Amino acid sequence: MRFSKIFGKTLREAPTEAENTSHQLLVRAGMIAQEAAGVYSYLPLGWRALKKIENIIRDEMDKAGGQELMLPVLQPFELWQRSGRDVSFGKSLFTLTDRKEHTLALGPTHEEVIADLVHRYVQSYRDLPLLLYQIQTKLRDEPRPRGGLLRVREFIMKDLYSFDVNVAGLDESYRKMCRAYKNIYARLSLPALMIEADSGAIGGKDSHEFMILTEDGEDEVICCSNGDYAANAEKAQFVKTRINAESLLPLEEIATPTTKTIEEVAGFVGVPSSQTLKAVFYFSDGEFVFVLIRGDLEVNETKLRNALKCSELRLATEAEVNGAGLVAGFASPIGIKGVRVVADDSITSASSFIVGANKPGYHFKNANYPRDFQVHLMTDIALARAGDCCPKCRGKLSSSRGIEVGHVFKLGTFISERFGASFLDSDGKSRPIVMGSYGIGLGRLLAAIVEQSHDDKGIIWPLCVAPYQVYLCPLSLAKSAVAPTAEKLYQELQKEGIEVLFDDRDDSPGVKFNDADLLGIPLRLTLSPRTLQSQSIEAKWRTEKEAQLLTLQNLAAEVSRVLREKLAE
RNA sequence: CGGGGCGUAGCGCAGCUGGUAGCGCGCAGCGUUCGGGACGCUGAGGUCGGAGGUUCAAGUCCUCUCGCCCCGACCA
């Protein structure tokens, strides 16, 4: 390809709306262009890189036994009503009405469609296991698209769905997919971390995410410094250390004027915040809920949502708190009636707590569960934080940001049951198919690679993703013998099957070098009057500082050999 | 949905107390340059996001509206 012909232009400055590195570099390199919030065009260079990623994913899916198919974007809304996910997806589901006033959804994912499809074609255990996948555009009306390609409303995604006769089969498919994912990331030179993830209200036991740790990531990842535990902060557990074990003193009311926050109360009484109880109030699917947790901990709303099995969860307003007969700042589980109380199990990790007395200006001292109050549900609803204690080895947990570049779920039979996707086993008994689902967002992967691999000059593509492998960079084109030689080399390199970007512009060396660096093409070949004189060309890897001279004779064959060698690494 | 910010040429920006729009990059032409974003000259390019209002006069003031970005909420 001739640089002068490429659609798309490199920019010296990035548009102001591009905030994070990958967004800026991809726009500056002329690889993507924004159309609307969370909607992007891929320009020829970006599209080439994306297709390379796509082919690597396809290759690994095929190797794992997947069969590729293509599913509709337009999906009957009834499918979503049948699975009940019209509610759980809520407003994220794009819908439209056709001319016959029939409602259709724009597929945000394809479990419904594929379960419906599979139920029509699979009747026997002999048809299973089955791995089906698709690589195509999906749409979600995200509340807030952000970070360039990191969170968008229209995105290309690979989703594979597994269908097995039982949980053991699902486990095997799941393992297979995790292996395939690891291969993909390895091929893309991405250090992806497999972490435990929350599977949401629907979904089975296990779910894992693959994360690239980087500051621009939008997820929080909790890791043990010993490397034996990593989880999404939504899911992460930790050991709640026991604080004290004093003998139980009698409950006592004390005056605590003007102490509304935990810190104020703890300071006023002279105890650590871990010896207080914090009350937080939520509305869960329309029901007021009293949430109780040790004063030094925070509520993890994802865990709480799962514990309550609710779809909508929000903090209660002050008016709602008052309406429930509670006094904000001095609320208490002691003596309240008619309100559901959910407690974190940390309330048993210490004794003699300070807790509100449910009247302004007063707290109780020496409150103990279950002596002084009851709860309706006690489970783990606490947020793990940096510095907490690892649940595996009691090491120290740390917190980082990460980009989610893959998410796998053990779905179970939830969806297959709703779609009648069942089979006859060898005993002639009908059983629901056990499903799994495995997704990778391609655009996000592209962005993650850039986040992970760039310098102040631009992108540094891994060879297998780079839109072109070689940047042929002739200098002093207009008036020197360089031009005909460069032209000849361009032809020869192409004949060798090498993907060459030929900078045929009559621009100054600085312009060309900077564009070469910005675009991140792995190998730059610079032909100048100087190198021509010695019948050589300068070869420089994007990843290296130093260049080396190659002789012009047999250049194409030599470059081809080196590239093959590199790709095999 | 709550909070904050921004919409002026393809991109980055300036434009005060209102007087009818400018700079840099990029783009086109010509010439000089040619190993890390060279230089000179000439030139093209603008419904100032949109609608309404105030005014003799609005990029500028007022109202409404649309879009975009960031933080939060949300997020298979």
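Treat the numbers as computed from the prediction; the structure is a model and nothing was measured. Below, chains carry the letters A, B, ... as their sequence lines are ordered, and counting in each starts from 1.
- Note on A:Arg305: a side-chain N or O is less than 4.0 Å away from OP1 or OP2 of B:rC74.
- Between A:Arg524 and A:Glu544, none of the side-chain N atoms (NZ, or NE/NH1/NH2) sits under 4.0 Å from a carboxylate O, so this pair counts as no salt bridge.
- Within 4.0 Å (heavy atoms only), A:Lys512 reaches no atom of the nucleic acid at all.
- Classified by interplanar angle (parallel below 30°, tilted 30° to 60°, perpendicular above 60°), the ring pair A:Tyr181/A:Phe210 is tilted.
- Contact annotation for A:Gly458: no contact, since no heavy-atom pair falls under 4.0 Å across all strands.
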Ring pair (Phe, Tyr, Trp, His ring centres under 6.0 Å) between A:Phe290 and A:Phe281, worked out: CA-CA 5 Å; A:Phe290 187 120; A:Phe281 312 106; 5.2 Å; yes

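- Between A:Arg146 and A:Glu17, no side-chain nitrogen of the basic residue sits less than 4.0 Å from a carboxylate oxygen of the acidic one, so the salt-bridge criterion is not met.
- Pairing for B:rG36 is absent, with no Watson-Crick or G-U wobble pair whose two atom distances lie under 3.5 Å.
- Taking the P atoms as reference points, B:rC6 lies 14 Å from B:rC62, given to the whole Å.
- Side-chain contact between A:Pro143 and A:Lys91 is absent, with no heavy atoms from C-beta onward closer than 4.5 Å.
- Residue-level contact check: A:Thr531 touches the bases, meaning some heavy atom is under 4.0 Å from a base atom.
- Rounding to whole angstrom units, CZ of residue A:Arg401 and C1' of B:rC71 are separated by 12 Å.
- A:Glu209 comes within 4.0 angstrom of nothing in the nucleic acid, heavy atoms only.
- Comment: A:Lys540 does not engage A:Glu546 in a salt bridge, judged by the lack of any side-chain N to carboxylate O separation of less than 4.0 angstrom.
- Using modelled atom types and a 3.5 Å distance limit, the side chains of A:Glu538 and A:Ser528 yield no donor-acceptor pair.
- Here B:rC69 is the nucleotide among B:rG35, B:rC69, B:rC11 with the atom lying nearest to any side-chain atom of A:Gln34.
- Residue-level contact check: A:Ala14 touches the backbone only, with heavy atoms under 4.0 Å from sugar-phosphate atoms and none from bases.
- Taking the P atoms as reference points, B:rG4 lies 15 Å from B:rU63, given to the whole Å.
- Side-chain N/O atoms of A:Asp517 and base N/O atoms of B:rG36 include a donor-acceptor pair closer than 3.5 Å.
- Side-chain N/O atoms of A:Glu220 and A:Asn232 include no donor and acceptor closer than 3.5 Å.
- Residue contacts shown for A:Arg314 are absent, as no nucleic acid heavy atom lies under 4.0 Å away.
- Base contact: A:Ser528 has a heavy atom under 4.0 Å from a base atom.
- Remark: B:rG7 base-pairs with B:rC66; criterion is Watson-Crick or G-U wobble with both hydrogen-bond distances under 3.5 Å.
- A:Leu518 has its CG atom 17 Å from the P atom of B:rC11, to the nearest Å.
- Nucleic acid contact for A:Ser480: none, since no nucleic acid atom lies under 4.0 Å from a heavy atom of the residue.
- Across every strand in view, B:rU20 sits unpaired, with no contact that passes the Watson-Crick or G-U test at under 3.5 angstrom.
- The residue A:Glu218 sits apart from the nucleic acid: no heavy atom pair falls under 4.0 Å.
- Taking only side-chain atoms of A:Pro509, from C-beta outward, the nucleotide of B:rG12, B:rC70, B:rG35 with the closest atom is B:rG35.
- Rounded to a whole Å, the NZ atom of A:Lys457 is 8 Å from the C1' atom of B:rG37.
- The nucleotide whose nearest atom lies closest to any side-chain atom of A:Glu19 is, among B:rC27, B:rG35, B:rC70, B:rC70.
- Between A:Thr16 and B:rC13 there is a side-chain polar atom (N or O) within less than 4.0 angstrom of OP1 or OP2.
- Look at the P atom in both B:rC69 and B:rU32: the space between them is 47 Å, to the nearest Å.
- Summarising the geometry, the separation between CD on A:Glu35 and P on B:rC69 is reported as 12 Å, rounded to the nearest angstrom.
- When each of B:rC27, B:rA73, B:rC34 is scored by its nearest atom to the side-chain atoms of A:Lys9, the top-ranked nucleotide is B:rC27.
- Whole-Å rounding puts the A:Asp219 CG to B:rA73 C1' distance at 15 Å.
- A gap of 10 Å separates the C1' atoms of B:rC66 and B:rA51, to the nearest Å.
- Between the CG atom of A:Asp506 and the C1' atom of B:rA28 there is a distance of 16 Å, rounded to whole Å.
- Of the residues listed (A:Leu117, A:Leu71, A:Val73), the one engaging A:His110 in a side chain to side chain contact (heavy atoms under 4.5 Å, CB included) is A:Leu71, and it is the only one.
- The nucleotide B:rG72 finds its pairing partner in B:rC1, both defining distances of the Watson-Crick or G-U wobble pair being shorter than 3.5 Å.
- Counting only heavy atoms from C-beta on, A:Arg144 has its side chain closest to B:rG72 among B:rA76, B:rG72, B:rC34.
- Within the 4.0 Å cut-off from OP1 or OP2 of B:rG24, not a single side-chain nitrogen or oxygen of A:Arg12 is found.
- Counting any heavy atom pair closer than 4.0 Å across all strands shown, A:Ala36 reaches sugar-phosphate atoms only and no base atom.
- Heavy-atom distances to RNA chain B give each of A:Ala37 and A:Pro143 a nearest nucleotide, and the one nearer the 5′ end belongs to A:Ala37.
- Closest approach to the A:Val511 side chain among B:rA76, B:rG37, B:rC34 is made by B:rG37 (side chain taken as heavy atoms from C-beta onward).
- Base pairing of B:rA14: no nucleotide in any strand meets the Watson-Crick or G-U wobble criterion (both distances under 3.5 Å).
- The CG-P distance, from A:Leu150 to B:rC69, rounds to 13 Å in whole Å.
- Listed candidates were B:rC70, B:rC34, B:rG37. Nearest to the side chain of A:Arg28 is B:rG37.
- Nearest-nucleotide assignment on RNA chain B puts the 5′-proximal partner with A:Asn514, out of A:Gly148 and A:Asn514.
- Comparing the P positions of B:rG52 and B:rG59 gives a spacing of 14 Å, expressed to the nearest Å.
- When the C1' atom is compared between B:rA14 and B:rU8, the two are found 10 Å apart, to the nearest whole Å.
- Listed pair A:Ser476 / B:rC34 fails the phosphate criterion, with no side-chain N or O lying under 4.0 Å from OP1 or OP2.
- Atom CG in A:Asp507 sits about 17 Å away from atom P in B:rU33, given to the nearest Å.
- Of the nucleotides present, none pairs with B:rU55 by Watson-Crick or G-U wobble criteria with both distances under 3.5 Å.
- B:rA76 and B:rU17 have their P atoms separated by 48 Å, with the value rounded to a whole Å.
- B:rU54 and B:rU47 are spaced 26 Å apart, taking the P atom of each and rounding to whole Å.
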